[in-house]
Every structure is written in C-alpha cells, then in structure tokens.
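Notes for the one structure printed next.
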Protein chains: 2
Amino acid sequence: MSLRYALLALLRVGPQSGYDLQKKFDTSVGHLWHAPDSQIYPELRKMEAEGLIEAEEQVRGERGTRRMYHVTPTGDAEYLAWMNGPLSYARVREPASLKAAYLEAATPEAARAFLEQHIAHWRGELEQWEAELERIDARATPMLVDRLAVTPEADRDRVVAFKRLGYENLVGRARAEIAWAERGLELLDRFSG
Amino acid sequence: MSLRYALLALLRVGPQSGYDLQKKFDTSVGHLWHAPDSQIYPELRKMEAEGLIEAEEQVRGERGTRRMYHVTPTGDAEYLAWMNGPLSYARVREPASLKAAYLEAATPEAARAFLEQHIAHWRGELEQWEAELERIDARATPMLVDRLAVTPEADRDRVVAFKRLGYENLVGRARAEIAWAERGLELLDRFSG
DNA sequence: TTACACATGTAACTTGTTACATGATTCA
DNA sequence: TGAATCATGTAACAAGTTACATGTGTAA
C-alpha cells in the first residue's frame, strides 16, 4: 500500500538499483514502513510496468546486469499526489489489546510474562528510534546526508524537522505502549496481592 | 492471524451462528481486531475444518438452515495456548509516520490538512473507545453481560478489569497520536510564521 | 580458491479488501 | 405484499510472509 511511496521517497534522491534500495531500506524508511527483501524487487517491477519508474540496464562483467531505476515524471506526480492527498487509515487490529481484554483466561504467570514481553518489545523499538532521532539531529544518517545534498539550503531545516516528526510519532507510540503495560503489571499485582 | 482468537473469545461465552457473530463483532471484539463480514464465514469454516469448533445445523422453516457453532476441547486448548503463549508482533508499518517524515514534499496547506485529519481520525476512534470504557465500567455492554453471566462471581472483577485494560491501550494510543499531530501543527506554524 | 558483497529474483501460502450474490422468514 | 431482518456465502484482487533459488565480481 505505502511500499511504493517509501521506494519513491528513496529514489527521488537519485537513481538506485533494487539492491541499493534493499540495502538502505531497513536502516532508513524501513523503520517507518517495513518490507522484506522479497517484496522490493517485485514492487519495483510493478512500478516500472505502471510507468512510475524506469530502469537503465547496466552491464556488469560478461553476463551480469544491474537495473538502475529512476523516477519518471508520472512517478513524481504520483508521489506528490500521495503527499498532498488524504491518507487512508487501516482499520484497528491490535493483537496486544485483544489479548489484554481477555487476559483472565491466561494463567497469572503467563499474564505477567505477556506484559513484560510487551515492555521488552517496545523498549527495543524505542531504543532504535531514539538512536535514529539522535542521528537525525546530528544530520548523520547516510540517506539524510544524500537527501540534504540534493536539497536547497533554505529547505534543509524543514527536511530535518519533518524527518524528526515522523520518528517522534513512533517514539510516542512506544512510550505509550510501555506505560500501558506497566499499568497492566500493577493491575496484576492488585489481583494477586 | 488473530481473527480466530477473537471468534473463539466470543464463542466461549456460548454457541452462536455466523450471523450472530457477525452482528456482535463490530460492537465488541471488532473494536480491538477489525474484520469485515466477508472474512468471518470463511474463517469459521476453516476453524471447523481444523476441529476448533463444531456446528450443529438447525432447520429454519422449510428449506433454510442455521449453523450453530460451539468450541470443541481442541479449540479451547488452542485458545488457551494463544493466551498463555508469547504474542508475535507485526513489523512496524506506520503510513502517518512515513508521510510525516517526508512532509517537505507536500504543500503547506496539504501538510496542515494531513495533520488536522490525523487529529480528527484519532479523535473519532478515541470517542468510541471512551464510550466503550464507560459501558464496561457500567457492565452494560451486551457481550460483557453474557460473559459475566457465565463467569463465577469471584472472577467477575478480573474480567471487567482486563477488558478495561485492553481498551485503555487503544485510548492511550489515540491520545498519543493526537498529541503528536498537535505538535506537528505547531511545527508548521513555526515554519510558515 | 574461497569468502563476501553484489545482484535479481520466484513460489507457495496466508491474510485482508471490495464488491457482489442469493434466498428465507417474519411482521406490519 | 413489501420491507426488514435473518442467514450464508463467493469471486477477484491486493498485500504481506516465508522460504527458497541462482549466479557474478572482486579482493584476500
């Protein structure tokens, strides 16, 4: 759904191969929108078929080829249409809330383990996102460096500020999940104590 | 993924037809795990084929039939295994964060509209969930009444408390999203002002 | 010559979305 | 007799998951 926009965002910085995109994905836009490697190549082919991107085949050695993709005007327009149009929201699907709402069916130990794992999970995410925020402030992530290089100086602060805003949402989400699970643990204490 | 557990949670209260489940879904467990009507019947058939539930066909009038499903011991064991086992977390896919991180590509008006719609969206969800929390506290939701009726009195407070916990997570999420988007609007003000 | 990075995928499956299709029963 | 509710689905598609498959270039 949003995968193509994540890829277009990366490609708008400059031409790249599927391999380049795949390598960069997890350490950049993949923080916000995960996609496995196996999804990227087919999506690029699909985008090419729809005229959003074009490939230039480069010869590597005697038989190998590399497809360097770049964004077409159509792709650029599609990206801007997504950016300027309304976002469609996915319906709520929260397995952790679902489980919590019926937690009386779990053993007290399992209930505790569930909330502790929830905290551990979101602490792990939080650490990564906070580290990324620090790198953004230092303007030190590889993708951001490349992006700022193709951005007029007057716009650079905005680019950095919006990137920060995106990650701040994730950080807020993680903190809310952790605070909630901690309240859940207190609830368990009240019932067992 | 979690749909079958949502359905098992409803069916553990007592036997119900696909139609019953479909009608109740949106106003109960569907708040936590959405599923369209068209997904429920096939999932019930799949669960039946796997032995988690069984149907008793009831004759309606001269030709019509109704399939009343109930949970089998296998289904009960599967439900408890899900409840007592670790939850698997979906990878992060946050279209709003993705869009925010590249919001410099949007026009200032579109950026503002995006954040305002984000607030409106989550306020809508928040209202529903807070209303549901009030009904839970009053022990007034139809499903909760049915569930409490089949719950030993000593366990009823726990049932209500966990149901509350599940919805509190959603409320926390919605509040975090709203607070974030409001900070985003302030950011826009700083850049336009 | 071997290991590692470069490079591009496919296949089978599950889950979820959107729109449609059909008929029975009951009550005003 | 017509509308609302009861009742059960299918079909086509889109998106995501998991595991696998294949080969090249380069530098130690």
Side-chain angles (χ1 to χ4, degrees), chain A residues 1-7 11 15-27 29-30 32-50 52-53 55-69 78 82 87-95 98 142, chain B residues 1-7 15-27 29-30 32-50 52-53 55-69 82 88-95 98:
Chain A
M1 190 194 354
S2 297
L3 175 55
R4 59 180 49 195
Y5 304 106
L7 291 170
L11 276 171
Q16 286 166 87
S17 68
Y19 185 77
D20 292 334
L21 290 164
Q22 190 200 102
K23 287 290 117 177
K24 284 173 187 170
F25 205 86
D26 287 343
T27 56
V29 76
L32 307 161
W33 188 269
H34 169 78
D37 296 352
S38 64
Q39 215 185 341
I40 292 178
Y41 285 105
E43 183 66 22
L44 288 170
R45 286 291 188 168
K46 230 173 120 192
M47 290 163 71
E48 190 185 11
E50 291 175 41
L52 307 181
I53 59 176
E56 276 169 41
E57 296 221 338
Q58 291 181 348
V59 182
R60 306 194 320 131
E62 299 199 348
R63 268 178 297 268
T65 54
R66 183 165 73 145
R67 299 173 60 79
M68 288 297 279
Y69 288 103
E78 170 108 358
W82 185 71
L87 191 62
S88 66
Y89 288 84
R91 305 301 302 262
V92 174
R93 276 198 192 86
E94 294 289 345
L98 178 62
Chain B
M1 189 199 351
S2 298
L3 175 55
R4 58 180 49 194
Y5 303 107
L7 292 171
Q16 285 167 87
S17 69
Y19 185 77
D20 292 335
L21 290 164
Q22 191 200 100
K23 287 290 117 178
K24 286 173 186 171
F25 205 86
D26 287 344
T27 57
V29 75
L32 308 159
W33 187 269
H34 170 79
D37 297 352
S38 65
Q39 212 184 345
I40 291 178
Y41 284 105
E43 182 67 22
L44 287 170
R45 287 289 187 169
K46 229 173 121 192
M47 290 163 72
E48 191 185 12
E50 292 176 39
L52 306 181
I53 59 177
E56 275 168 44
E57 297 221 336
Q58 291 181 348
V59 181
R60 302 193 325 132
E62 299 199 349
R63 270 179 296 270
T65 54
R66 181 166 75 145
R67 300 172 60 78
M68 287 298 277
Y69 288 102
W82 185 71
S88 65
Y89 288 85
R91 306 299 304 262
V92 174
R93 273 197 194 88
E94 294 288 345
L98 177 63

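Protein chains get the first letters and strands the later ones, always in sequence-line order, with residue 1 at the start of each.
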In the structure I gave you, are the side-chain heavy atoms of [X] and [Y] within less than 4.5 Å of one another anywhere?
X	Y	answer
Y5(A)	P95(B)	no
E48(B)	I53(B)	yes
R4(B)	E50(B)	yes
F25(B)	L7(B)	yes
K23(B)	Q16(B)	no

Which whole-number value in Å describes the distance from [X] [atom1] to [N] [atom2]?
X	N	atom1	atom2	answer
K24(A)	dC6(C)	NZ	C1'	14 Å
D20(B)	dA7(D)	CG	C1'	10 Å
R66(A)	dA5(C)	CZ	P	17 Å
M68(B)	dA7(D)	CE	P	9 Å
Q16(A)	dC6(C)	CD	C1'	15 Å
Q58(A)	dT24(D)	CD	C1'	15 Å
Y89(B)	dG16(D)	OH	C1'	20 Å
F25(A)	dA7(C)	CZ	C1'	18 Å

Practice problem: Would you please confirm or rule out a distance under 4.0 Å between OP1 or OP2 of dG16(D) and any side-chain N or O of R93(A)? | Solution: no
Quiz item: Quick one: is Y19(A) getting a side-chain N or O under 4.0 Å of the dC6(C) phosphate, OP1 or OP2?
Solution: yes
Self-check item: Toward the 5' end of DNA chain C, by each residue's nearest nucleotide, A35(B) or K23(A)
Solution: K23(A)
Quiz item: Between P36(A) and G64(A), which is nearer to the 5' end of DNA chain D once each is assigned its nearest nucleotide?
Solution: P36(A)
Quiz prompt | Separation between CZ of R45(A) and CD1 of I40(A), rounded to the nearest 0.5 Å | solution = 14.5 Å
Quiz item: How far does OG of S17(B) sit from CE of M68(B), to the nearest 0.5 angstrom?
Solution: 6.0 Å
Please enumerate all protein N or O atoms sitting under 3.5 Å from an N or O of nucleotides 9-15 of chain C, with distances to 0.1 Å.
unit_1	atom_1	unit_2	atom_2	d
dG9(C)	OP1	R45(A)	NE	3.4
dG9(C)	OP1	R45(A)	NH2	2.5
dG9(C)	OP2	R45(A)	NE	3.4
dG9(C)	OP2	R45(A)	NH2	3.2
dT15(C)	OP2	K46(B)	NZ	2.9

